[in-house]
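Notes follow the structure.
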Amino acid sequence: METTRQEQLRTAGLRVTRPRLSVLQVLAERPHADVDAIVTAARALHPTLSPQAVYGVLEALVSGGLARRIEPAGAPALFELRVGDNHHHLVCRSCGAVADVDCTVGAAPCLTPSDTAGFVVDEAEVVFWGLCRECRVGTPAGTAQVDQHDNRGGASG
Ligand SMILES: [Zn+2]
Ligand SMILES: [Zn+2]
């Protein structure tokens, strides 16, 4: 499995370089990372790497089809290696956690809009917004009070 990253780069027509391998490794370890997180992690692997170099590598990986950029509204762009399967994302409004969602029925029904307006559609991106489990558990709003009716001796007669 160690050689696959190099093969991936070659298959995409990209030269195999240390920075590219480092960024691929970072993306493999942290799916849906934003650029800042990727720069920090890549520089930990490869201290001479400049942020500009990391940006350049990300651009090359995205345009080479090895990485995917997702851009939830109002959030920084996120990068992942899971490409080509047209999966979608759940994004937490509170903490920004991101989870993958597969297209559930057959072959990407989301690629069939009711009206394509003459477009040839090759990708659909759906972002489901909500609160992740941890943020839901953390909210004190759900303090359910159990109403205990005391029915002892209620019935007369
Ligand atoms: Zn959350
Ligand atoms: Zn994803």
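When a ligand or atom number is given, it counts from 1 through the structure's own listing order. Model, not experiment: these values are computed from the prediction.
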Does any donor atom in the side chain of His88 or Asp100 lie under 3.5 Å from an acceptor atom in the other side chain? no

Could you go through Gln25 and His46, starting from their C-alpha distance and side-chain angles, then the distance that decides it, and tell me whether this counts as side-chain hydrogen bond (donor to acceptor under 3.5 Å, both in side chains)? CA-CA 11 Å; Gln25 182 179 336; His46 199 306; over 6 Å; no

With the threshold set at 4.0 Å, does a side-chain nitrogen-carboxylate oxygen contact exist between Arg82 and Asp102? yes

Apply salt bridge (Lys or Arg N to Asp or Glu O under 4.0 Å) to the pair Arg69 and Glu125, showing each step before the final yes or no. CA-CA 11 Å; Arg69 185 203 328 258; Glu125 195 171 319; over 6 Å; no

When you draw lines from the Zn ion (ligand 2) to OE2 of Glu80 and to OD1 of Asp100, what angle lies between them, to the nearest 10°? 170°

Report the angle formed at the Zn ion (ligand 1) by atom SG of Cys92 and atom SG of Cys135, rounding to the nearest 10°. 110°

With the Zn ion (ligand 2) at the center, what angle do NE2 from His32 and NE2 from His89 span, rounded to 10 degrees? 90°

Assess His88: does it contribute an N, O or S atom lying under 2.8 Å from the Zn ion (ligand 2)? no

Quick one: the SG of Cys95, the Zn ion (ligand 1), SG of Cys132 angle, rounded to 10°, please. 110°

Which one of Asp34, Val91, Val35 satisfies the side-chain contact (heavy atoms from CB on, under 4.5 Å) criterion with Leu78? Asp34

